[in-house]
Amino acid sequence: MKNPMYEVASLLLEKLLLLANLKLCSVGPGAVEEEEKHASYYDTTYFKRGDLLEVPRTLFFHFGIYLGDNRVAHLMPDILPAFTDEQRQIQQVVTNKRLILGVLARMASIRVDTVEDFAYGDSILVNHMDEAFPNKALCGEEVARRAEKLVGATAYSLLWNNCEHFVTYCRYGSAVSFQTDKFCETVKMIIRDQRSVLASALLGLASIVCLGLAPSTTLPTIIIPFFLWMAG
């Protein structure tokens, strides 16, 4: 039986996304996507236990640790473990609603899925991070054992505890996210660029003109450009 709190949260999120003209699938992949996913094939004979698997997504890369027997351990944002302990329900493929609510609630689970469910039709890179990581990779059996010990619910942070932190800890002994580092560097560049001060000030003045003079418009117009100028 589904938890009513989860149902309410899911319904609210779906309504908000519909208002933003975003299509949200409430039951998982569509028929066409499901057919494409099942039609895809991954030759797992090339994978070894403890390999770090990497698949491209729209805006980022997703990572997992291969455990053998077509199984991959990976960290996924997921709200459902907060509402139920029913493993059969939790183990179902994470839908968009569950994932987004997990990100917002900062909750996740380290789960084991098939290679097909993990990759979801995308190409797979194997141990591609070995070239960039300064630490030498641990032996495959140790990597897999670390991943298996961590399976279960965990806290989630987009910047400080994501799927990349999980796999780098398992394979190299140090939780690092190059994607997070790159994002932080980009934010620093924006803050240091003094043109951002002018842009934020102009946006603030535009909000005052459109919405009127009020604390909710005036204070951000003053405070945000000030802090950007000081930080730069």
Side-chain angles (χ1 to χ4, degrees), residues 28-30 32-78 90-96 98-99 102-103 108-186:
V32 176
E33 293 176 327
E34 191 71 23
E35 183 178 350
E36 291 176 352
K37 185 178 71 172
H38 286 298
S40 64
Y41 174 74
Y42 299 96
D43 189 354
T44 58
T45 59
Y46 290 100
F47 302 156
K48 294 179 293 185
R49 182 169 163 84
D51 277 348
L52 192 159
L53 306 185
E54 178 179 344
V55 292
R57 294 291 190 247
T58 304
L59 298 175
F60 58 91
F61 284 87
H62 186 53
F63 301 89
I65 298 295
Y66 187 65
L67 302 179
D69 299 325
N70 199 38
R71 299 175 302 128
V72 181
H74 59 129
L75 188 153
M76 284 279 289
D78 189 4
I90 292 173
Q91 196 56 36
Q92 294 177 356
V93 176
V94 178
T95 61
N96 289 332
R98 284 171 59 180
L99 188 148
V103 171
S109 63
I110 296 170
R111 50 187 288 133
V112 178
D113 287 310
T114 64
V115 171
E116 289 76 18
D117 285 339
F118 163 74
Y120 202 59
D122 289 314
S123 58
I124 299 178
L125 298 174
V126 182
N127 299 330
H128 185 255
M129 199 180 291
D130 286 1
E131 303 172 4
F133 210 90
N135 296 5
K136 184 179 179 181
L138 302 173
C139 71
E141 186 60 31
E142 174 63 20
V143 174
R145 285 179 181 175
R146 284 186 172 212
E148 289 168 339
K149 287 180 181 179
L150 293 173
V151 169
T154 184
Y156 179 78
S157 170
L158 189 63
L159 296 181
W160 316 121
N161 189 39
N162 57 41
C163 62
E164 192 173 3
H165 291 100
F166 164 65
V167 297
T168 53
Y169 167 76
C170 292
R171 187 164 176 84
Y172 309 107
S174 180
V176 174
S177 173
F178 292 114
Q179 294 181 119
T180 294
D181 294 343
K182 185 176 180 180
F183 173 79
C184 291
E185 284 300 319
T186 301

message = Whether the side chain of N162 engages the backbone of L158 through a donor-acceptor N/O pair (distance < 3.5 Å, no angle test) should be reported.
response = yes
query = Does a side-chain N-to-carboxylate-O contact under 4.0 Å join D51 and R49?
reply = no
ask   = What about F118 and H62, are their ring centers closer than 6.0 Å?
value = yes
request  = Please report the C-alpha distance between W160 and S177 in whole Å, then the side-chain angles of each, then the deciding distance to 0.1 Å, and finally whether the side-chain contact (heavy atoms from CB on, under 4.5 Å) criterion is met.
outcome  = CA-CA 8 Å; W160 316 121; S177 173; over 6 Å; no
query = Got a donor-acceptor contact below 3.5 angstrom from the D69 side chain to the R71 backbone?
reply = no
ask   = When you measure from the side chain of S109 to the backbone N and O of A153, does any donor-acceptor pair fall under 3.5 Å?
value = no
query = When rounded to the nearest 0.5 angstrom, what distance separates CG in L75 from CD1 in I110?
reply = 5.0 Å
key: Non-neighbouring partners of L138 that pass side chain to side chain contact (heavy atoms under 4.5 Å, CB included), sequence neighbours left out   = E142, V143, R146
ask   = Hey, does the side chain of E164 reach the backbone of F178 with a donor-acceptor pair shorter than 3.5 angstrom?
value = yes
task = May I ask you to decide whether D130 forms a salt bridge with K136, counting only side-chain N to carboxylate O separations under 4.0 Å?
result = no
message = Less than 3.5 Å apart, any donor N or O on the side chain of E54 or N127 sitting next to an acceptor on the other?
response = no
inquiry  = What I'd like to find out is whether the side chain of V126 reaches to under 4.5 Å of the side chain of L53, using heavy atoms alone.
reply    = yes
